[in-house]
Amino acid sequence: MRAYRPGDDCGRIVFNPDEIMRKRGLTDAGLCRRAQIRPEQLRRYRQNKIKFVTLDVAERLCFALECQFTDIFHYLPPAGEGSAAGEGSAAGEGSAAGEGSAAGEQAF
């Protein structure tokens, strides 16, 4: 096992709530309402255009979906370092998921 160095490809975290939402019968609007996040925020999570996730938002998403963090956020290791590496996901391509709270915090 090697240590991370700046510039290393350390994989990525993808956000994919679709299966849980289907099981719960929730629409995007319903999830936004229950988790108190903006539709734009949910869209950016789904496109994996967010660089970090606050625990507050992750907690609200898990509460709204009645699920565990690992049910909706998935780690994909760098290419060549795991079976899921290099494969696309239902959540799309991009970097780590996350954003500030519905009160207007921004990840950037």
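Residue Q68 comes nearest to C62 through the heavy atom pair C-SG, 3.8 Å, listed as atom of the first residue, atom of the second, then distance. For the residue pair R24 and L65, the shortest heavy atom distance occurs at NE-O, 2.8 Å. Across all non-hydrogen atoms, the minimal contact from R60 to A35 is NH1-O, 2.9 Å. Closest approach of L31 and L26 over heavy atoms only: N-CD2, 4.1 Å. Of all the heavy atoms in D9 and A79, the pair that sits closest is OD2-N, 4.3 Å.
Ring geometry for Y45 versus F73: interplanar angle over 60°, hence perpendicular rather than tilted (30 to 60°).
In this structure, the side chains of C32 and Q41 stay at 4.5 Å or more apart for every pair of heavy atoms.
The CZ atom of R22 sits 6.0 Å away from atom CG of D18, with the distance rounded to the nearest 0.5 Å. One finds the CD1 atom of I72 at 12.0 Å from the CD atom of E19 (value rounded to the nearest 0.5 Å).
The salt bridge (Lys or Arg N to Asp or Glu O under 4.0 Å) check on E59 picks up nothing, with sequence neighbours excluded. Take D71 and apply the side chain to side chain donor-acceptor pair (under 3.5 Å) test, not counting sequence neighbours, and it matches no residue.
Salt bridge E40/R43: present, at least one basic N to carboxylate O contact under 4.0 Å.
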Problem - Trace of the side chain to side chain contact (heavy atoms under 4.5 Å, CB included) decision for L61 with F15 - result: CA-CA 11 Å; L61 287 166; F15 174 69; 4.0 Å; yes
Problem - Audit row: K23, E66, salt bridge (charged side-chain N to carboxylate O under 4.0 Å, His left out) steps and yes/no - result: CA-CA 11 Å; K23 287 180 183 177; E66 300 173 1; over 6 Å; no
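Only one option out of I13, N16, V14 pairs with N48 in a side chain to side chain contact (heavy atoms under 4.5 Å, CB included); it is V14.
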